[in-house]
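These figures come from a predicted structure and were not determined experimentally. Here is the naming used below: chain letters follow the sequence lines, and residue numbers restart at 1 for every chain. Worth knowing before you read on, the calculation uses all heavy atoms, side chains too, and leaves out hydrogens, waters and symmetry mates.
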Amino acid sequence: MKRQIPLFITFFVGTLLIFSVFIPPMETLGENFTLFFDIIAVFAFFLGAGNLVRVHVSKLRKRKADWGFSIVTLIGFGFMLFVGLLKIGNPGGIAADVTAPGSWFQEMFNYVINPLQSTMYALLAFFVASASYRAFRAKNREATILLMAAFVILLGRTPLGMMLTAWIPDSLSIFQIPNMAVWIMNSFNLAGQRAILIGISLGVVAMSLRLILGVERTYLGGDDSG
Amino acid sequence: MDNIGVIISLILILGGLVTLLIRSLQAREVDRRIIFLFIFLAVAAPILFPMTFKEKATQVVKSVFDKIENLPEGSTVLLSFDFDPAMAPEVQPMANAISRHCFEKGHKIIFMSLWATGQALLSHSLSEFILPGFPEKENLVDYVSIGYKAGNEGVLNVIITDIQKMFPTDVNSVPLDSIPIFDNIESCKDLDFIMSIGGGKPGPKEWVLFVGDPGDVPVGVGVAAVVAPQMYPYYPGQIVGILGGVKGAAEYESELIRVHPRFAEMDTPGLRMMGPQTLAHVVIMAFIVIGNVVFFRGRRREKKE
Amino acid sequence: MKKTTYLLMAVISALFVLSWILKAGSLSGETDNYVIQGFLITFSAFLTLSVLSFLYADNPLYKFAEHLFVGVSAAFWMCMGFWTTIVQNLIPRLSDGLSSFFEVPPQPGDYNFFFFIPVILGILLLMRLSPKGGWISRWPLAFIIGTTAGLNFVRYLRSDFIKQISNTFVPLLGTEWQGIGHFFSNLDLSASGQLVTMAANWVIFLGVFCGLIYFYFSKEHKGAFGAASKVGIWVLMLTFGASFGYTVMGRISLLVGRITFLFRDWLEIIS
Amino acid sequence: MVYKLTLTLLTFLLIAPVVSAQETVAASVEATVGDPPMIDSSLIPAPPSDIKAVDTDNDHGHSITVTWELSADDGSGMNNVLSYEVFRWVPFLMDELDTLRVELARVAAEIDSVGRLTGELKDERAVIWAAIDDMADQMPEAHRMYPEGGEWRLLGKVASGVATYDDTGGKDRKVSDFIPDFSDLYFRVEAVTSDSAIRAASGVAGPVQSYGQWFNTGRTPVFIAFMFFGIMTVFFVIKARRGAELYVRPLAGIEAVDDAIGRATEMGRPILYVLGLGTAADVATIASFTILGRVAKRVAEYQTELIVPTYDPIVMSVAQEVVKSSFSDAGRPEDYNEDIVYFVTQLQFAYVAAVNGTMLRELPATNVYMGKFFAESLLLAETGALAGSIQIAGTDEIAQIPFFIVACDFTLIGEELYAASAYLGREPVLLGSLKAQDYAKAAMILLAIVGVVAAQFEWNWFIELFHVVD
C-alpha cells in the first residue's frame, strides 16, 4: 500500500498532463502544476533549514574539525534570515519588495553574496587554463581530435589566427584559421550538438514514460523504510 | 610609464612561458599554481597598463569596412541600434566605430532603433562617443535620429516602402519632410547601406529577412559573439559582412586606424577589451603546447626505461 | 595554533582596518555614511581575495568565506522563496486576512481553492520530520515526479525531437544548385564558396547520422555499424573541443570583471 | 454602501445604453455625411474582397480569424493601399460590461488602499462580479440583435500585403478585451491609403461564432510521435517480460563505478556523490537517484564512507530515502546515518564553494557527478582532479559535457545518463524501453534521409508534416 498510492499519483498526474497538451481547455493545467511545485518547494525549505542547522550544531557539539567555522555559518544564516523575513531597514516597510535598494537584505546581497558569487565564478578562468594544460594531451585519437578542435577555435578567437594565415589566397580562404573556426562551429559543432540533443530528448521521453508507468521507482525508496 | 609597464609584463609573461617550455623538454610537469599565476598576470597586466594588439581584419569584417569605405561621398547609411544595456558592452564599440567611419567618409547617417531601450542608448552614444570627434557635423544635414517605434518586424515591413509612414518626425518632432537628408530618401530601398547592430529579436536577422532581401538593399550586421555563428549562413549571399562580439569591433577599429590614421587618438574600446582576452588565450594555448611536450617527452622516457 | 598563524592574522586584520580607514577617507566627500560604505567595500574586497586564495591552497580565509557564503545564501533563498512564492503567489489566492496582514493586494477572482492542494502536499512533505509518518511524505514526491514526467514527455517530444528532425532537412547540394557543370566550373575553397557551404550541410547530415548511431544501445557496435559509431564519437569530440575553445572568452571576461573591481572600486588605481 | 453601489449599477444599466447610442448615431452621421466632398474618387482603391471570418483553430475559443482577398490596388493597379483596418460590430452592452470592469478595478484599488478587507467592500465586489457574469451571459442575445444596439469598432491594422487578422480576445470575463464564445460576430475590412480619408470597405463577414476545440490539430505530429513511442515501449516491455534476451552495450562510465568503489575501500577514503543543481523535477536528477542507489548499495557492502551534499531540500529528502533503502537492501541498515546526505545551500556558487572545500579536506577517492550541472562543472571537476580523486561524470546539459569530458576520467554523455539507470537495473522492462528508444532513433534516421531528399527537391508538403504549432 505504501508504494501503491504514490505510484498511482505519479501515473494519474503524468497522464493528465500529457493529454492536457492536446486539449486546448486544459492547456493552463501545466502552468498551475508548475506553480504548485514552487509552493511545495518552499515548504521543503523547512527541511533544508532544519538539516543545515542540525549539521552545524552537531559539528559544534562534537568539536569536529573546523567546528569554529560552523559558528560563522550559523551566524550568517540567522542574521540573513532575520533581516530578510523582517525586512529590516527596508525603506518601504513590509509592503515593499524584499530586495528594495537600501534594505539590509539587499546590502547583504550586494556586498557579501555578490562578490563571493562572482569571484567563485571567475575562478573558472583559472580552471579553464589548468584543465587545458592537464587534459588536452594527445593520448589517443579521440583526445587528439578534441585538442585540435579546441586549438583551432582558440587561435581563431585571437588576432594571431588571422596573422598566421593571412597569406592564404581568397580562393582557399577556408584554410584561414578564423574562417575555419567559424566553419567548424557551423558544421561539426552543430551536428554533434544536434545528435546529443535528439538523444537526450528521446532519453527524457523514455524516462518519463518509465516513471509514469511505474517501472522506474528508485526515487520512492524501499518498501519497508518508513 | 604605461609603455614600460606593458614591456615589463610582456617580458614577464612571454619569457616565463619560454622558460616553462624549455623545462618541459625535460618532461617536467608544471605546478598548477604557476599556471594560475600566468593567467592572473595575463588578465591583470592589460587592465593596469592598457595594451592593444594589432588585429588584422578577417574577410567578414573587412567586407563591411570596404562597403562603407567605397560608397561615394554623401551616400545615406542607416544605423539601427537594436540592443539593450545588457548587450551594450559587446556591441557598443562597433556602433561607435561604424558611425565614426561613416562620418569620416562624409556619408549621411540615419540613426534608429527597433528596441525601446535602444533610443536612450542611441542618444547617449551620440553625445558621448560619436559627435565629440566630429564637431562640424550638423544635425538634420549630416545625421538625424528618428528614434524608436514599437512594432518590431512590423516597423520594417512598413519602412521598406515608406519611412515617413512609420516615422513622421525625428526624435525632436521635426517633420521628416523638412529634413534635407530625406530629400531623396523615401523608403529603405533608397538607402545605400543599412547596418543593424544587436543580437536579440528583432535585430540583424529581421533586417536581413524583412528589408535586405525583399528590398535588395545591402545590409551589414554587428552581433554579440554568441549569436555570430547563427548569422554566418546568410553571408555573403544576403549580408555584406558580420562583426561578431568584441573581436569583431576590435578588428573594425584596427582597420579604421590603418586606413584613417587620425582615429589612432580616439578611444578604441574593442581593441582595449581584446588585450586581456588575447594574452589569456595565448597563455592557454601555450600551456596546451607545454602539456603535450611534457606528455610526449615523458612517454619517450618511459619507453627507454 | 602556531605563532605564525597569529602573526598572519594580526597582519591581515591590520591591513583590513587600514584599507577601511583609507576607503572611508576617500568616500567621505561623496556620501554621508562613508564609514559604513568604506567597511562594505573593504569587506567585499576581503571576501574576493579570500576566495582567490583558494587557488593557492585550502586555508582559513577561504574556509571563513565559504562558511559565511553557505549560511547567508541559504537564508537568502529561504527569504526570497517566502516573499515571492508564499506571500505573492499563494496568500492572495487563499486568505484575505493574511493578505491584508502582509499588505499584498488580493486579486479579485483569484481566490482559488485548488491552491490548497500544494499546501496540503507541502505539509505532507514535512511529515518526514516525524518518525512514523515518513512514508506519507512520498505522496508529494510522487506528485512532483508525475508532473515532471508528464510535462517533459510532451515538451521534449515536441520541441527537441520533432523540431530537430525537421532542422536536419537541409538540401545537400545547396539551395542554389545549378547543375553539375556549373558546380565544377566554380570549384574553389573560399570560405563562402559553394563547395564549402555544401560540405557543411554534408557534415551536419552525416554527423547527426553517426552521432545517433553512437547512442544506439541495443546493438553491438561491430563492423560497419561500429565504424559509423566511431565516426560518431569523433564528431562528438570535435563538438566538445570546439565548444570548450569557444567558451574561454566568456570565462576570461568574468575574471576581467573581478580584477576591475579590485583595481577600480577598491584600490582606485585605475579609472 | 451596497445600496449606493446597486444604485450606480442600475443607473449605468438603464441610462448608459441610451446615451452611448445617441452619441454613436451622431458620430456615424458625421462619419458618413460629414466627409469632405472633395475626395478625388479616382484615388479610392478597390475594396478588399471575399472576406471570410472563421473560428481560430486549435485554441480555447474567444478568437476569430478574418481573411480577405487583397485589394486590386495593393501591390498592383494604383498601388496606393498602405494598410487594412479590421472592424468588428460591437453591441453597446459591451461598453456597460467595461464600465463594470472599471468599477471592479476601482473597488479592488480601494481594498488595497484600505489595506484591510471590510465586509462591505467584499460584498460590493461580489455584486459587481455577479453583474459581470450576468451581463456576459446576455452577450449572445445582444449580438443577435445586429445591426441594432451596436456599432462598428476598429480592432487593429495590418500592413499592406497581409490578408489575415486574428481577433484574439481575453478568455476571462473580467478583462476588457473579452470576446464571448457562441455569439454571432460580424467583421469587415477597409483598405486605407496614405490619406486616411480615402478608403474602401469590404462587405460584411458573419455571423460567425468562436468556440474552443477539444483537440489541437496543430499538435498532431506530437500526438503521432507520442502514440508511436508509447506503443513501442509497451510492446518491448511485454516482449522482455516474456523472457526475450535483450542486448545492451556496455557503458564505460558505469562499469567504472564499481572499480572506483573498490579503490576507495582499499584506500580507506570516502566517496563523494554530487547530484548537481537539478531539482526533483529534472529527469537527469531522477536518473541520478538510480545510480546513487547502486553506489550506496555497494558502499554499504564494502563499508566505505559516502558523502552526499545536496543543493535542493526535496532532492535531499529523496536522496535520503534512496540511500537508506539501499543500505537495508545490502543488509546493513544499522550503518545508515543521517549525516550521509545533507543539505548545503541553494545558491549555485555557494554550493560549489562548500563542495570544493569538502573535496580538499576529505580527499575522497572517487567523485561521482551525475545530474544537472551548469557553469560549476569545471570548478568541481578541476578541484577534484587536484585532490587526486578518480572522477566519473554524467549530465544532459550539452554546454557542460565538454568540461566533464576534459577534466573527468569517465563521462556519460547526455542520453547515456538515462540509459545508465536502465542498464544498472538490468530489469527486462527497463531494457525494453531502451529498445523502443533505439527504434525511435532508427525511425528518425530514415525520416532524416527522406527529409534531405525532400529539401533538395523542395517537396514542401513533406517538411510541412513536421510543423508543430506552439
Can you tell me how far the CH2 atom of C/Trp77 sits from the OH atom of D/Tyr311, to the nearest 0.5 Å? 7.0 Å
If you define the side chain from C-beta out and look only at heavy atoms, does anything of C/Phe217 sit under 4.5 Å from D/Leu251? yes
Looking only at D/Ile398, D/Val352, D/Val283, the option with the highest number of non-hydrogen pairs under 4.5 Å against chain C is D/Val283
Contact part of C/Leu212 toward chain D, heavy-atom cut-off under 4.5 Å: side chain, backbone, both or neither? both
Please name the pair of heavy atoms, one in C/Thr148 and one in D/Asp282, separated by the smallest distance, quoted to 0.1 Å. CG2-N, 4.2 Å
Check each atom of D/Ala454 against the heavy atoms of chain C and say whether the ones under 4.5 Å are side chain, backbone, both or neither. neither
Honestly, the part of C/Leu68 sitting under 4.5 Å from a heavy atom of chain D is neither
Rounding to 0.5 Å, atoms CZ (C/Arg138) and CD (D/Glu321) come to a distance of 5.0 Å
Counting heavy-atom pairs closer than 4.5 Å to chain C, which one of D/Ala440, D/Ser317, D/Gly357 comes out on top? D/Ser317
With a 4.5 angstrom heavy-atom cut-off, which part of D/Phe349 approaches chain C: side chain, backbone, both or neither? both
Do other residues, nucleotides or ligands put more than 12 heavy atoms under 6.0 Å from C/Phe64 CZ? yes
I'd like to know whether the aromatic ring centres of D/Phe226 and C/Phe153 sit less than 6.0 Å apart in this structure. yes
What part of D/Thr383 gets closer than 4.5 Å to chain C, counting heavy atoms only: side chain, backbone, both or neither? side chain
Side chain from CB out, backbone as N, CA, C, O: work out which of these in C/Thr247 comes under 4.5 Å of a heavy atom of chain D, or both, or neither. side chain
Please verify the inter-ring angle class for D/Phe403 with C/Phe244; under 30° counts as parallel, over 60° as perpendicular, anything in between as tilted. tilted
Quick one: do the C/Tyr214 and D/Glu415 side chains pair a donor with an acceptor below 3.5 Å? no
For residues C/Ser218 and D/Leu434, determine if any side-chain heavy atom of one lies less than 4.5 Å from a side-chain heavy atom of the other. no
Please state whether the side chain, the backbone, both or neither of D/Ile405 comes within less than 4.5 Å of a heavy atom of chain C. side chain
Kindly say whether D/Leu360 contributes a backbone atom to a donor-acceptor pair with the side chain of C/Asp58 at under 3.5 angstrom? no
Quick check: do C/Arg128 and D/Gln320 have side-chain heavy atoms less than 4.5 Å from each other? yes
Is the shortest side-chain heavy-atom distance between C/Ile213 and D/Ile445 below 4.5 Å? yes
Residue D/Val406 versus chain C: region with a heavy atom under 4.5 Å: side chain
Apply the test side-chain contact (heavy atoms from CB on, under 4.5 Å) to residues C/Met78 and D/Gln346: give CA-CA distance (whole Å), side-chain angles for both, the deciding distance (0.1 Å), then the verdict. CA-CA 9 Å; C/Met78 284 171 199; D/Gln346 223 171 353; over 6 Å; no
Are side-chain heavy atoms of C/Val70 and D/Val344 found at a separation under 4.5 Å? yes
Taking side chain as C-beta onward, heavy atoms only, is D/Leu347 less than 4.5 Å from C/Phe69? yes
Only pairs of heavy atoms separated by less than 4.5 Å count here; which of D/Asn356, D/Leu447, D/Asp438 has the most with chain C? D/Asp438
The single option from D/Arg249, D/Lys441, D/Gln437 that satisfies side chain to side chain contact (heavy atoms under 4.5 Å, CB included) with C/Tyr216 is D/Lys441
Most contacts with chain D, counted as non-hydrogen pairs under 4.5 angstrom, among C/Ala74, C/Gly71, C/Ala75: C/Ala74
Return yes when atom CH2 of C/Trp83 has more than 12 non-hydrogen atoms of other residues, nucleotides or ligands closer than 6.0 Å, and no otherwise. yes
CZ (C/Phe225) with more than 12 external heavy atoms under 6.0 Å: yes
Bottom line for D/Ile413: the part with an atom under 4.5 Å from chain C's heavy atoms is both
Go through the atoms of C/Lys219 and report whether side chain, backbone, both or neither lie under 4.5 Å from a heavy atom of chain D. backbone
